[in-house]
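Below you'll find the structure, written out as structure tokens, and then a few comments.
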Amino acid sequence: MTANEARIRELESEITKRDNTILMQQNSINDLKRQVDNLTEILIQMRHDKFGPSSEKTVKADDGSQQVSIFNEVEVEADSTVQEPFKRNAKGDIAPRKKRVRNEMIIGDLPTEEIVLSLDESELVCEVCNGKLKPIGREVVRQELQYIPSQLKLVKYVREAYECPACKHTDNPYIIKTVAPTSLMNHSLASPSSVAHVMYQKYMQGIPLYRQEKDWERIGILLSRATMANWVIRCAEDYLMPVTDYLRRKLLARDIVHADETPVQVLKEDGKKPQTKSYMWVYRTGNDGKEPIILFDYQPSRSGDNAATYLKDFKGYVHSDGYSGYNKLTEVTRCGCWAHLRRKFVEAIPPGKEAELRGSFAVTGKEYCDKLFAIEDDLKDLSPEDRYTQRLDREKPVLEAFWAWLETVNPIRGSKLAKAVSYAQNQKPFMENYLLDGRCSLSNNAAENAIRPFVTGRKNWLFADTPKGADASATVYSLIETAKANGLDVFSYLQELLANMTDWDHTDEYLEDLMPWSEFSRSQCCR
């Protein structure tokens with residue numbers, strides 16, 4: 001080998017090493033770029049989760065913003081052009097506007113107090129001839145809504161005793177006493193209305209007990225939060241849990257159930273630190289045309305065994321998100337949630353960049369989901385049988401196109417898009433099961449909407465003190481949300497339950513008469 005050939009080989013070797021080094025450096029740069037992109041994506045999502053709107057709706061406010069702060073709600077909502085719900089007729093009287101149904105509801109059938117603005121007797125003198133003035137008509141100047149604060153009264157049950165005068169001085173005197181109604185709680189001031197009020201304020205209005213304590217004090221009653229907590233727990237255990245147990249049996253006999261779960265913190269739980277998460281599960285009936293039932297179940301963990309135990313005797317369709325714990329359900333048909341799948345693709349789109357990224361994989365995946373929801377909206381008024389047929393004709397092709405398109409997507413590992421694709425592929429066995437029955441739903445939004453009041457209330461009271469309190473909360477939330485879904489006035493329903501369950505006869509017939517859809521409940525508690 002000549003010196004030139006050796007030199008050439010040496011140079012070729014150096015070039016090869018340099019090319020390999022450049023390739024390695026380029027790969028490292030690409031890996032680092034992917035990491036930066038992923039971290040940037042995570043940071044954007046974290047900022048959006050913390051400061052952005054939680055809704056996935058794309059509808060914006062008139063000014064282009066996507067969120068209205070609760071702190072400037074008054075300034076944002078104020079509109080000087082909005083008219084009051086009254087108008088003056090030809091006679092000068094003020095009456096509700098007939099074209100504004102919502103405003104008529106504001107007035108309703110309120111009791112009316114009329115304040116007549118009359119002149120004093122000494123002022124009834126004509127300034128021209130000094131004659132006495134007499135009334136010739138009236139004019140309604142304005143109407144005002146007056147707020148009357150809550151009022152309390154102490155109800156004493158006084159029992160009378162009776163004796164027979166003829167038997168009074170015999171060896172067998174005859175004396176009877178009137179029978180007093182059963183008390184809600186012995187040796188307590190609790191009544192059905194007062195306990196229902198505490199429950200309504202805490203679980204319907206989201207007002208924690210320490211704030212209710214101040215409200216009671218303002219009207220002259222020193223009612224501690226500990227006493228109110230005892231009221232809620234005792235009455236839930238003694239009177240309301242039999243009602244929710246009966247509702248659970250009713251739910252398990254149906255064909256469709258929606259399920260979801262959310263964390264709750266319980267401070268004093270055996271074997272667990274106060275910071276450990278517990279969970280509130282919700283189960284509700286589906287779109288089967290029957291009376292809605294919404295039930296909450298407190299459990300110390302998120303284990304799928306909890307759902308399997310609660311739905312042990314259920315045979316039908318279970319709608320849920322992609323949580324793997326629901327795989328423990330047996331003898332059911334699981335239906336996936338397209339709203340959750342859509343959410344994964346929404347998260348893969350940088351906020352505010354959808355228009356710029358139209359045609360990208362993330363936007364295309366979202367558009368497939370939007371197409372399905374648009375078709376569902378067209379079919380919402382159809383019968384289950386017609387909806388079943390139309391879904392096969394209109395939605396089945398969209399589903400086939402989506403799965404075929406998904407095979408062409410090759411996202412960057414670890415990216416939001418990769419998570420969306422992985423979620424879709426993992427959930428594919430469940431995502432088309434809604435096509436099997438026209439009563440099934442495209443999403444699990446029914447369960448998410450049912451659990452939202454609990455999530456909102458949790459922001460106010462933050463945690464439960466004991467498992468008993470969490471169980472009581474689950475019971476009261478179950479009755480409140482079921483009553484709302486059946487169109488009842490929540491406070492009235494809670495009050496009627498507490499008033500009638502003190503002497504219940506432990507039969508299903510008795511409980512059936514207290515169901516939110518019963519004739520009795522509707523006659524006593526309709527809004």
Side-chain angles (χ1 to χ4, degrees), residues 70 73-127 132-156 189 191-207 211-212 214-221 223 480 483-500 516 518-527:
I70 60 173
E73 182 182 14
V74 174
E75 290 83 353
V76 172
E77 297 296 337
D79 187 352
S80 60
T81 63
V82 175
Q83 299 181 1
E84 290 284 341
F86 309 99
K87 72 172 184 178
R88 193 180 302 277
N89 59 23
K91 296 181 179 180
D93 296 331
I94 297 178
R97 294 180 178 271
K98 294 182 179 180
K99 293 184 179 180
R100 290 176 173 261
V101 177
R102 185 178 178 183
N103 290 335
E104 291 179 4
M105 294 173 63
I106 294 175
I107 303 169
D109 297 324
L110 295 177
T112 302
E113 175 187 357
E114 190 174 87
I115 299 177
V116 180
L117 307 174
S118 303
L119 291 176
D120 188 78
E121 188 70 23
S122 62
E123 297 175 309
L124 296 176
V125 180
C126 176
E127 295 181 356
K132 186 175 182 180
L133 302 179
K134 64 178 183 179
I136 59 173
R138 291 183 175 185
E139 176 189 9
V140 177
V141 180
R142 69 175 184 271
Q143 291 188 128
E144 298 177 344
L145 288 175
Q146 185 181 38
Y147 173 74
I148 303 174
S150 302
Q151 295 181 347
L152 296 174
K153 68 178 180 180
L154 188 64
V155 179
K156 293 183 178 180
L189 291 174
S191 69
S193 61
S194 59
V195 176
H197 175 74
V198 171
M199 291 178 172
Y200 178 86
Q201 291 291 92
K202 177 175 172 62
Y203 299 107
M204 180 74 177
Q205 301 296 89
I207 301 176
R211 285 166 57 188
Q212 291 193 50
K214 296 297 183 182
D215 283 341
W216 285 97
E217 183 180 350
R218 183 179 61 83
I219 57 179
I221 303 297
L223 186 62
I480 286 177
K484 285 167 54 180
N486 284 274
L488 298 187
D489 177 78
V490 171
F491 171 78
S492 298
Y493 185 60
L494 291 175
Q495 183 179 8
E496 289 297 328
L497 283 179
L498 294 172
N500 287 279
S518 70
E519 183 178 348
F520 171 78
S521 296
R522 293 197 174 279
S523 64
Q524 299 295 319
C525 311
C526 270
R527 296 171 183 171

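What you see is a predicted model; the values in this text were computed from it and never measured. Only heavy atoms go into these numbers, but all of them, side chains included; no hydrogens, no water, no symmetry mates. Throughout, residue positions are numbered sequentially from 1 according to the sequence presented.
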How about CD1 on Ile115, more than 12 heavy atoms from neighbouring residues, nucleotides or ligands closer than 6.0 Å, or not? no

Can you list the residues that meet the side-chain hydrogen bond (donor to acceptor under 3.5 Å, both in side chains) rule with Glu496, with sequence neighbours excluded? Asn500

Apply side-chain contact (heavy atoms from CB on, under 4.5 Å) to Met199 and Ile480, showing your working. CA-CA 9 Å; Met199 291 178 172; Ile480 286 177; 5.5 Å; no

Any chance you could lay out the side-chain contact (heavy atoms from CB on, under 4.5 Å) test for Lys484 and Met204, step after step, and finish with the verdict? CA-CA 10 Å; Lys484 285 167 54 180; Met204 180 74 177; 3.7 Å; yes

N/O donor to acceptor pairs below 3.5 angstrom from side-chain atoms of residues 486-493, sequence neighbours left out:
from: Asn486; atom 1: ND2; to: Pro292; atom 2: O; distance (Å): 3.0
from: Asn486; atom 1: ND2; to: Thr482; atom 2: O; distance (Å): 2.8
from: Asp489; atom 1: OD2; to: Ser492; atom 2: N; distance (Å): 2.9
from: Asp489; atom 1: OD2; to: Ser492; atom 2: OG; distance (Å): 2.7
from: Tyr493; atom 1: OH; to: Leu514; atom 2: O; distance (Å): 2.6

Not counting sequence neighbours, which residues clear side chain to side chain contact (heavy atoms under 4.5 Å, CB included) with Leu189? List them please. Leu154

Which atom names give the shortest non-hydrogen contact between Pro516 and Ser521, and what distance separates them? O-CB, 4.0 Å

Residues in salt bridge (charged side-chain N to carboxylate O under 4.0 Å, His left out) contact with Glu121, at least two apart in sequence or another chain: Lys132

Here the gap from Leu494 atom CG to His197 atom NE2, rounded to the nearest 0.5 Å, amounts to 12.0 Å

Ser118 OG to Glu123 CD distance, which is reported to the nearest 0.5 Å: 10.5 Å

Return the set of residues passing side chain to side chain contact (heavy atoms under 4.5 Å, CB included) with Ile136 (not counting sequence neighbours), or none when no residue passes. none

Sorted by chain and residue number, the salt bridge (charged side-chain N to carboxylate O under 4.0 Å, His left out) partners of Glu127 (sequence neighbours excluded) come out as none

Take Gln205 and Arg211 through the test side-chain contact (heavy atoms from CB on, under 4.5 Å) and record every step on the way to the result. CA-CA 12 Å; Gln205 301 296 89; Arg211 285 166 57 188; over 6 Å; no

Can you sort out the partners of Glu519 under side chain to side chain contact (heavy atoms under 4.5 Å, CB included), two or more places apart, ordered by chain and number? none

Separation of Leu152 CG from Ile219 CD1 (nearest 0.5 Å): 4.0 Å

CD on Glu114 to CG on Leu117, rounded to 0.5 Å: 9.5 Å

Side chain to side chain contact (heavy atoms under 4.5 Å, CB included) partners of Gln146, counting only residues at least two apart: Glu113

What residues, two or more places apart in sequence or in another chain, satisfy side-chain hydrogen bond (donor to acceptor under 3.5 Å, both in side chains) together with Ser122? Asp120

Kindly indicate whether the side chain of Thr112, heavy atoms from C-beta on, has any atom under 4.5 Å from the side chain of Gln143. no

